[in-house]
Number of protein chains: 2
Amino acid sequence: MGGKQTTIKEIASLLNISVSTVSRALHKHPSIGITTQLRVQKLAEELNYEPNQAAIFFQKGKSYTIGLILPELSEAFFSSVVNAVEDMAYKKNYTVLLAQSHDNEDREKQIIQMMKNHRVDGLVVSVAKTTTNFDHFHMLEKYNIPIVFFDRIPPLKNIHSVACNIETGSFEAVNYLLKKGHRCIGLINGPAALTASEERKKGYFNAITKNRLKFDPSLIVSCDLTEKGTQEALTALMENKRNLTAIVTFNDYVALYAIKYARKLNIDLKNDLQFISYSNLPLINYMDHVPIASVEQFPYKQGEKAVEILFDLINNKDSSTPETMYYNKVVVESELVENQSYHTD
Amino acid sequence: MGGKQTTIKEIASLLNISVSTVSRALHKHPSIGITTQLRVQKLAEELNYEPNQAAIFFQKGKSYTIGLILPELSEAFFSSVVNAVEDMAYKKNYTVLLAQSHDNEDREKQIIQMMKNHRVDGLVVSVAKTTTNFDHFHMLEKYNIPIVFFDRIPPLKNIHSVACNIETGSFEAVNYLLKKGHRCIGLINGPAALTASEERKKGYFNAITKNRLKFDPSLIVSCDLTEKGTQEALTALMENKRNLTAIVTFNDYVALYAIKYARKLNIDLKNDLQFISYSNLPLINYMDHVPIASVEQFPYKQGEKAVEILFDLINNKDSSTPETMYYNKVVVESELVENQSYHTD
DNA sequence: TTTTTCAGCACAAACGTTTGCGCTAAATTT
DNA sequence: AAATTTAGCGCAAACGTTTGTGCTGAAAAA
């Protein structure tokens with residue numbers, strides 16, 4: 001019982017049969033008689049036999065491992081994705097090799113190398129903010145390691161990706177506020193360069209025009225997502241529009257900064273100014289004043305979808321000639337959810 | 001170029017030398033002439049040779065992988081540990097196999113099985129809250145897989161562990177408040193059953209008595225760590241002690257609840273009541289009102305230490321007869337840190 | 001009865017790497 | 001010149017498993 005693991009070999013010699021028979025018996029291969037199959041399984045059970053995965057990985061040229069590369073685990077969005085990937089992998093008896101790029105391009109490249117050497121069967125990746133060169137991803141194609149990108153998707157063609165459509169959620173958010181009677185709604189947006197900002201703007205615009213209201217561009221201000229920038233943006237909005245009653249913010253951090261600052265300015269957050277944000281932080285529920293609603297981006301669902309696609313790719317590796325290859329581009333719709341904790345305040 | 005990885009074999013046949021020579025040359029083995037060594041290395045470089053880790057793992061009976069099992073990734077404390085473990089592993093060219101038990105004993109057991117099958121070289125573990133049976137950990141001993149526990153340590157003898165001494169931090173916290181002139185300091189503690197509660201209480205008691213003040217037991221109240229429980233605890237404290245000027249809370253969640261409730265009661269948090277908490281949440285920095293200080297538990301340092309010990313164990317596996325075996329029990333001292341964001345409020 | 005079929009199992013190669021051992025020829029010592 | 005050492009390399013086994021192919025004897029078909 002002590003020390004070494006029992007091998008297929010030992011079982012074979014104990015039973016006076018060949019290794020191959022044991023192997024097949026354990027896999028319930030039809031060409032093995034039922035009696036020997038049972039004898040083998042019984043002994044294997046008794047000896048506490050566990051297949052040596054390292055040997056199997058080596059033999060099959062597969063590792064039954066998928067790599068997960070993301071920028072920062074501490075961001076709730078990503079840790080939620082980890083949960084999803086882990087759960088999915090778990091079901092199929094895969095394991096997850098995790099690594100954080102910390103938004104560093106060099107580290108990302110090293111991680112890719114490591115993943116390749118470890119012969120991961122596939123990768124789920126959210127690229128680092130700073131990454132501008134994508135050769136390391138191309139390199140993996142040569143080794144037939146499929147990749148599914150999510151959330152932060154590189155500007156490459158012929159890739160598989162899962163992302164969230166922020167536009168629909170933005171539309172719903174503004175629409176929700178309009179239905180509640182708000183007529184002057186601000187948007188503290190992110191840097192104009194980000195497509196994420198663009199999507200938010202589009203949703204905002206669509207909601208306004210669909211409701212037959214006229215769009216006022218001065219209600220949208222950009223900020224650099226810092227606390228100071230947020231304060232300036234809020235100030236600008238407030239000064240321009242005295243009748244402002246609601247604000248949609250780029251993300252939860254911006255919402256936090258804005259709410260904090262609004263409180264400092266002695267604004268009545270119950271009656272005079274309401275917020276809607278995009279959900280990043282679970283902790284927003286512990287805040288003194290929470291936004292009345294959030295645009296949910298379903299990180300868990302995105303993670304699930306990404307792994308689902310990856311498994312498809314892994315299992316159809318052979319049939320994937322460049323011609324017959326199709327590329328998955330899944331879009332998860334964002335959705336407005338009311339913050340219940342707002343009402344318990 | 002296309003598809004397959006180059007192997008040591010191919011290099012050998014291209015150079016008309018044997019595989020063993022190539023292997024040794026790549027490892028700079030002294031018994032290989034310098035000229036052949038260079039020839040091999042040059043060709044390996046050109047062919048973009050990368051050793052097949054799966055084969056090496058198999059051959060060496062090692063996976064160069066360490067397993068990390070923790071309850072919940074979403075808790076900032078643990079995600080910080082992940083960072084540490086990853087960084088340490090990274091330096092030694094190890095990879096990290098991550099899994100969450102979600103505080104579920106069954107899942108924990110399955111994960112252990114999986115880790116064993118994957119032949120991890122060692123494990124860093126924080127056990128699930130609900131785990132009462134520890135056989136699955138004992139089982140690993142038979143397979144010579146070393147474990148280092150951290151934070152949540154099972155009540156077993158002869159194990160390696162890293163944990164944080166909360167008592168020192170608690171002492172410092174109360175001492176800090178005393179130096180600031182506070183004379184009536186409350187402690188909203190956790191359930192009495194937890195050793196964590198006991199440690200906090202001890203630190204509190206020591207600080208009081210070391211300062212030659214008399215200890216008032218009614219200043220310590222237990223709570224169940226829920227929002228409601230916290231509110232009740234705070235109410236009890238406030239009613240009993242009208243001159244209460246500071247409170248130490250069991251953790252950041254309790255602090256958040258208490259601060260939120262205190263605000264509701266229109267207590268002046270700047271002048272009348274100050275808080276100190278134990279740091280779990282980075283987000284506390286975004287709050288309207290933060291505690292003036294936190295007891296830091298250094299999760300990153302704990303993670304580092306745990307991996308350090310693990311590597312020691314992995315490398316000295318052979319020499320570890322039960323007799324010569326020594327067990328590591330590292331205690332990381334907690335420490336009071338002032339919240340700078342408190343002053344920028 | 002003879003031929004065919006097929007169930008049930010064994011043989012052996014293969015996956016890529018490491019490593020103990022043995023071999024050869026040259027260099028060094030007597 | 002003969003004996004000894006040694007530098008430099010090749011041979012082959014081993015790690016545990018899977019899998020294509022070949023073999024044997026018995027059951028089915030002729």
Side-chain angles (χ1 to χ4, degrees), chain A residues 3-41 43-44 47-65 93 116-119 121 143-144 317-318, chain B residues 3-41 43-44 47-65 93 116-119 121 143-144 317-318:
Chain A
K4 298 280 103 213
Q5 301 262 46
T6 45
T7 73
I8 235 175
K9 246 182 203 168
E10 295 169 2
I11 298 181
S13 77
L14 282 175
L15 258 47
N16 273 324
I17 56 180
S18 78
V19 226
S20 53
T21 304
V22 176
S23 175
R24 281 189 246 257
L26 290 172
H27 289 88
K28 303 187 201 294
H29 192 279
S31 81
I32 302 297
I34 186 70
T35 55
T36 30
Q37 188 191 110
L38 291 178
R39 286 206 313 149
V40 169
Q41 285 171 354
L43 186 59
L47 295 181
N48 232 304
Y49 169 77
E50 292 286 348
N52 184 335
Q53 301 287 352
I56 298 176
F57 296 168
F58 168 55
Q59 209 285 136
K60 293 211 164 189
K62 284 187 59 175
S63 64
Y64 292 95
T65 301
N93 254 299
K116 177 171 74 72
N117 291 356
H118 270 257
R119 301 294 197 272
D121 293 343
Y143 298 103
N144 267 316
K317 239 182 208 168
D318 329 313
Chain B
K4 299 278 104 214
Q5 303 260 45
T6 42
T7 74
I8 235 174
K9 247 184 203 165
E10 295 168 3
I11 298 182
S13 77
L14 283 175
L15 259 45
N16 273 324
I17 56 181
S18 78
V19 228
S20 53
T21 302
V22 175
S23 175
R24 280 188 249 257
L26 290 172
H27 289 86
K28 302 188 203 294
H29 192 281
S31 81
I32 301 297
I34 185 68
T35 54
T36 31
Q37 190 191 110
L38 292 178
R39 284 207 313 150
V40 170
Q41 285 171 353
L43 185 58
L47 294 181
N48 232 304
Y49 168 76
E50 292 285 348
N52 183 336
Q53 301 287 353
I56 297 175
F57 296 167
F58 169 55
Q59 211 283 138
K60 293 211 164 188
K62 284 187 60 176
S63 63
Y64 293 94
T65 301
N93 254 297
K116 178 170 74 71
N117 291 355
H118 271 256
R119 300 294 196 274
D121 293 342
Y143 298 104
N144 267 318
K317 239 180 206 168
D318 331 310

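Note that this is a predicted model, so its numbers are computed, not measured. To find a chain, count down the sequence lines: A is the first, B the second, and so on, and within it residues start at 1. Quick note: numbers below take in every heavy atom, side chains included, and nothing from hydrogens, waters or symmetry partners.
The shortest distance between the side-chain N/O atoms of B:K9 and the OP1/OP2 oxygens of C:dC15 is below 4.0 Å. Note on A:S20: every side-chain N or O is 4.0 Å or more away from OP1 and OP2 of C:dA10. For D:dC9, the OP1/OP2 oxygens have no side-chain nitrogen or oxygen of B:T21 closer than 4.0 Å.
B:N52 places its CG atom 17 Å from the P atom of D:dG16, with the value rounded to the nearest Å. In this structure, B:Q53 atom CD and C:dG16 atom P are separated by 14 Å, rounded to whole Å. Between the NE2 atom of A:H29 and the P atom of C:dG8 there is a distance of 12 Å, given to the nearest Å. Atom CD of B:Q59 and atom C1' of C:dT18 are 4 Å apart (whole Å). Atom pair A:I17:CD1 and D:dT17:P shows a separation of 14 Å (rounding to whole Å applied). Rounded to whole angstrom, the span from the CD1 atom of A:I56 across to the C1' atom of C:dG16 amounts to 17 Å. C:dT19 atom P lies 12 Å from atom NZ of B:K62, rounded to whole Å. Rounded to an integer number of Å, the gap from CD1 of B:I34 to C1' of D:dA7 is 13 Å.
Between B:K116 and B:Y143 there is a side-chain heavy-atom pair separated by less than 4.5 Å. At least one side-chain heavy atom of A:L47 sits under 4.5 Å from a side-chain heavy atom of A:L14.
Distances from the side chain of B:H27 to the nucleotides C:dT18, C:dT17, D:dC11 place C:dT18 closest. Between C:dT17, D:dC9, D:dT17, one nucleotide has an atom nearer to the side chain of B:T7 than all others, and that is C:dT17. With D:dT17, C:dG16, C:dT17 as the candidates, the nucleotide lying closest to the side chain of B:P51 is C:dT17.
Each of A:E10, A:K9, A:R24 was compared with A:V19 under the side-chain contact (heavy atoms from CB on, under 4.5 Å) criterion, and only A:K9 meets it.
Rounding to the nearest 0.5 Å places CD1 of B:I11 at 6.0 Å from OG1 of B:T6. The structure places CD of B:Q41 at 11.0 Å from NE2 of B:H27, a figure rounded to the nearest 0.5 Å.
Using a 4.0 Å heavy-atom criterion, one finds that A:G61 contacts no nucleic acid atom at all. Among the heavy atoms of the strands, none lies under 4.0 Å from A:F57. Residue contacts shown for B:S23 include a base, since a base heavy atom lies under 4.0 Å away.
Under 3.5 Å, the side chain of B:R119 and the base of D:dG16 form no donor-acceptor pair of N or O atoms. Side chain B:R24 to base C:dG20: a donor-acceptor pair is found below 3.5 Å.
Using the six-membered ring where Trp is involved, B:F57 and B:Y64 have ring planes that are tilted, between 30° and 60° apart.
Remark: ring of B:F58 stacked against base of D:dC15; centroid gap under 5.5 Å, plane tilt under 30°.
Between A:K60 and B:V19, the residue anchored closer to the 5' end of DNA chain D is B:V19, taking for each the nucleotide with the nearest heavy atom.
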